[in-house]
Amino acid sequence: MAVAVDVSRFENVSMAPPDPILGVSEAFKADTDATKLNLGVGAYRTEDLQPYVLKVVNKAEQLMLERGENKEYLPIEGLAAFNKATAELLLGADNPVIKNGQIATVQGLSGTGSLRLGAAFIARYFPGVKVLISSPTWGNHKNILSDVGVPWSEYRYFDPQTVGLDFKGMIEDIKGAPNGSVILLHGCAHNPTGIDPTPEQWEAIADELEEKGHMPFFDVAYQGFASGSLDDDASSVRKFASRGFEMFVAQSYSKNLGLYAERIGAINVILPTADLAARVKSQLKRLARPMYSNPPVHGARIVANVVGDSVLFDEWRAEMQMMAGRIKGVRQKLYEALLSKDKSGKDWSFILKQIGMFSFTGLTKSQSDNMTDKWHVYMTKDGRISLAGLNLAKCDYLADAIIDSYYNVK
Ligand code: PLA
């Protein structure tokens with residue numbers, strides 16, 4: 001017999017606030033104004049502002065259909081061909097770490113799910129160890145760590161005065177963290193600032209981590225998408241690997257292969273020996289099994305097919321360069337539009353210096369609100385705009401909106 005309840009036992013559940021990034025897409029959908037522009041979520045759009053499925057992805061899917069592949073469960077660690085391809089793409093196939101089997105790679109539910117697996121591993125094996133994240137960082141880093149109960153604090157990263165890297169502050173905070181902390185680093189195209197350390201600064205960061213016995217945890221969500229080169233965008237990670245660090249690296253294929261909804265990525269742990277790698281991998285699988293059992297196969301097959309076929313691989317690189325190039329093009333056009341419209345002499349060149357799909361405009365929350373409420377430009381409230389959602393035709397309009405918000409809103 002059903003139990004009648006006057007008051008629901010869910011009565012004390014409050015309404016959660018919209019997600020600071022994905023909630024922007026929901027608000028955008030609800031706006032009926034024709035001029036509306038979605039610069040919130042980092043998702044690549046064509047010059048016509050339409051979503052883009054890479055041609056090479058279509059070809060890989062065609063291959064899969066022809067082969068008549070089945071839908072059996074994958075092993076807990078994911079598709080073997082994908083795991084091999086993704087580690088090789090990250091480090092380079094001839095990297096000693098790969099040759100010696102010093103890497104534990106487990107397919108994850110894209111970047112987010114892979115970060116979550118890494119964080120769960122930290123919670124289980126290094127209880128109480130603190131993770132340091134950059135200020136600011138991708139907002140979900142905090143949620144991921146908090147939800148698995150890993151303590152975190154922030155290191156200085158962005159200097160609003162120079163609109164550049166607060167390198168001194170970053171090093172001081174890394175130095176000040178308890179020995180043996182985990183330092184979360186963005187492999188390339190830092191989100192949301194678009195500011196990366198120089199090669200010399202990376203070297204100094206590595207020195208500091210070594211000195212303090214800290215462990216790097218790289219989040220690589222934009223390999224190949226930042227500069228157009230898979231190798232250049234992995235150089236930070238490869239530098240740390242060659243210096244012999246034990247470390248975590250989360251990867252995502254959402255942006256560089258446009259596989260957002262396929263949820264394909266990986267967590268890698270680089271270790272001093274193959275024996276340790278085997279043990280760590282077995283424990284990552286043990287964490288994955290009760291969370292989601294085993295990962296989806298479709299995106300893994302796409303990646304494995306593209307990376308495993310030299311013709312498709314070259315086509316992918318060309319499409320990545322095209323996407324990165326289009327973003328650089330709107331970056332340039334937006335900068336020129338701001339320069340020609342704003343006669344105050346303000347230096348807008350930070351837009352050109354930032355890399356990747358985002359620009360961190362420096363607009364405050366109320367200025368960002370004005371962008372949305374008055375101009376129908378949807379963006380995150382930290383002042384970040386996704387240039388991947390902008391086209392050349394809208395650069396003038398966007399420049400007008402930025403100038404109005406910057407000068408007319410406190
Ligand atoms: N890490 C960083 C630094 C990211 O920017 C993102 C995505 C991810 C990981 C995770 O992406 P994935 O799970 O799809 O692989 N950030 C987006 C989307 C593009 C988001 O917030 O989920 C963003 O707009 O910031």
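For ligands, and for the atoms within them, numbers begin at 1 and follow the listed sequence. Each residue takes its place number in the sequence, starting with 1. Because the structure is a prediction, the values reported are computed rather than measured. Excluded from the calculations below are hydrogen atoms, water molecules and symmetry mates; all remaining heavy atoms, backbone and side chain alike, are included.
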Of all protein heavy atoms, the one nearest atom 13 (O) of ligand 1 is Thr112 OG1, 2.6 Å

If we only consider heavy atoms of Lys255, is any one of them less than 4.0 Å away from an atom in ligand 1? yes

Leu338 CG to Tyr406 OH distance, which is reported to the nearest 0.5 Å: 11.5 Å

For ligand 1, find out whether one of its N or O atoms is nearer than 3.5 Å to an N or O atom of Tyr260. no

With heavy-atom distances below 4.0 Å as the criterion, list the atoms of ligand 1 near Val41. 18 (C), 24 (O)

Distance col, row Ile98:CD1 vs Ile270:CD1, nearest 0.5 angstrom, shows 8.0 Å

Those atoms of ligand 1 less than 4.0 Å from some heavy atom in Ser252: 12 (P), 15 (O)

For ligand 1, indicate whether the residue Asn191 contacts it via side chain, backbone, both or neither (heavy-atom separation under 4.0 Å). side chain

May I ask you to check whether Thr105 and Lys281 show a side-chain donor-acceptor distance below 3.5 Å? no

Side chain, backbone, both or neither: which applies to Tyr222 and ligand 1 if a contact is any heavy-atom pair less than 4.0 Å apart? side chain

At the 4.0 Å heavy-atom cut-off, does Arg263 count as touching ligand 1? yes

Identify the protein heavy atom lying closest to atom 1 (N) of ligand 1, giving its residue, its atom name and the separation to 0.1 Å. Asp219 OD2, 2.6 Å

Polar atom proximity, Gly111 to ligand 1 (N or O, under 3.5 Å): yes

Minimum-distance protein heavy atom relative to atom 21 (O) of ligand 1: Trp138 NE1, 2.9 Å

Quick test: of every protein heavy atom, which one is nearest to atom 23 (C) of ligand 1, and how far off is it to 0.1 Å? Arg384 NH2, 3.5 Å

Between Gly164 and Ile195 the two heavy atoms that sit nearest each other are CA-CD1, 3.7 Å

Protein contact to atom 14 (O) of ligand 1 [nearest heavy atom, distance to 0.1 Å]: Ser254 OG, 2.7 Å

Short N or O distance, Ser110 and ligand 1, threshold 3.5 Å exclusive: yes

